[in-house]
Amino acid sequence: MNKKKLGVNGPELTGIGLGAWAIGGAWTFGWGRSDDKESIRTIRRSIELGINWIDTAAVYGLGHSEEIVGKAIEGLRDRVYIATKCGLAWNSKKKIRHDLSPQNIRNEVEASLKRLKIETIDLYQFHWPDSRTPVEKSWEVMVKLKREGKIRWLGVSNFEVELLRRCEKIGHVDSLQPPYNLFRRNIEKDILPYCLENGTGVVSYSPMFSGLLTGKFDINKPAKDDWRLRNPEYREPKLSENLQRVEKLRPIAEKYGKTVGQLAVAWVLKHPAVTSAIVGARRVDQVEENSRAVDFEIAPDDIQFMEELFPVN
Ligand SMILES: NC(=O)c1ccc[n+]([C@@H]2O[C@H](COP(=O)([O-])OP(=O)(O)OC[C@H]3O[C@@H](n4cnc5c(N)ncnc54)[C@H](OP(=O)(O)O)[C@@H]3O)[C@@H](O)[C@H]2O)c1
């Protein structure tokens, strides 16, 4: 699998990284129950297939995703970069808050290292902005954690350009993790150009719009507590409209001998600012299919057709 450097100073990442959100199992923003044994097999298979990095977060399953990733990479640590996130903390009643206070970041990094059973986190990212803490105070802690050897590269997720600029003044932002897929193209205007200009790598999330862009989405399959059932994009009347649009991608995918999901991921990867796409999976067959989404080119006229079908919103 081809690799690309994350920003100017980062590691060489494969075109896709494995997203471990769904592996976290059931919680407020979960995907329903998960099968831990299958999750571990999925992670190990993805490494075997050549995927060289995994994205998780402390909050996914309130620690559970990190624990599963930690178990799965035992004996394989030298073959995989680990990215995780902080800033969504929970209390004893499982209530989640945005918290990028220096103390919370320090608490979270220690807890993540323990759950992942590793010495250093390769890419540590702020999950979401925290309006109550000046971002400079939070970013200073990240710079110190790097000096202390707890983390290697520094990233943020769901940040706008203004926040990226404020962090950059204190220490280089190695990566941004934004949502990016055919349905969500708004970052093309300001955010992706900013990242290209400033040497900030982009690891984009939800390349298949959390399942809608796979060409196989069936609304009867998600568990009752799957977060997607509460999102208007996955409910009628939007759902049928979205799926009809996705269906129009099928003939193009077939032309390349690819699935609709593979085509959707390949489209994300063609943007020069994008380093890698984080593709979520919780089963071995999914990761086997997804790993073949890389290293093929979509012809310009097909890209044009796709982008007219899914215009910038
Ligand atoms: N920073 C953030 O705020 C943020 C937000 C969202 C995501 N992320 C990261 O990005 C990762 C990926 O995003 P995502 O999980 O939302 O979306 P995604 O990669 O667009 O879609 C993943 C989902 O699509 C389905 N799927 C995967 N492979 C498939 C296949 N081969 N055939 C059919 N269906 C398939 C699975 O759903 P089923 O299992 O239900 O079939 C899977 O959970 C996450 O795991 C997480 O690491 C970060």
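Note that the structure is a prediction, hence the values are computed from the model and not measured. Along the sequence shown, the residues carry numbers beginning at 1. In each ligand, atom 1 is the first atom listed, and ligand 1 is the first ligand listed.
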**OP:** Check each of Trp31, Phe29, Tyr205 against atom 15 (O) of ligand 1 and report the one with the nearest heavy atom.
**Re:** Trp31
Original post:
What is the closest protein heavy atom to atom 16 (O) of ligand 1, and at what distance does it sit?
Top reply: Ser210 OG, 2.7 Å
Subject >> Option of least heavy-atom distance to atom 14 (P) of ligand 1 (set: Ser291, Pro222, Ser206) >> reply: Ser206
Subject >> Numbering as shown, the atoms of ligand 1 that approach Gly19 to under 4.0 Å (heavy-atom distance) >> reply: 11 (C), 44 (C), 45 (O), 47 (O)
Subject >> Salt-bridge present (Lys150, Glu108; N to O < 4.0 Å) >> reply: no
Original post:
For Asn158, is at least one N or O under 3.5 Å away from an N or O on ligand 1?
Top reply: yes
Original post:
Given Gln286, Glu288, Arg228, Lys216, which has its nearest heavy atom closest to atom 32 (N) of ligand 1?
Top reply: Lys216
Subject >> Verdict with reasoning, Trp21 to Phe29, per ring pair (Phe, Tyr, Trp, His ring centres under 6.0 Å) >> reply: CA-CA 9 Å; Trp21 176 12; Phe29 296 102; 8.2 Å; no
Subject >> Contact (N/O only, under 3.5 Å) between Val279 and ligand 1 >> reply: no
Original post:
Between Arg282 and ligand 1, does any nitrogen or oxygen pair lie at a separation below 3.5 Å?
Top reply: yes
**OP:** Hey, could you give me the OH/OG distance between Tyr60 and Ser34, rounded to the nearest 0.5 Å?
**Re:** 14.0 Å
Original post:
Under 3.5 Å, is there a donor-acceptor pair between the Asn158 and Tyr205 side chains?
Top reply: yes
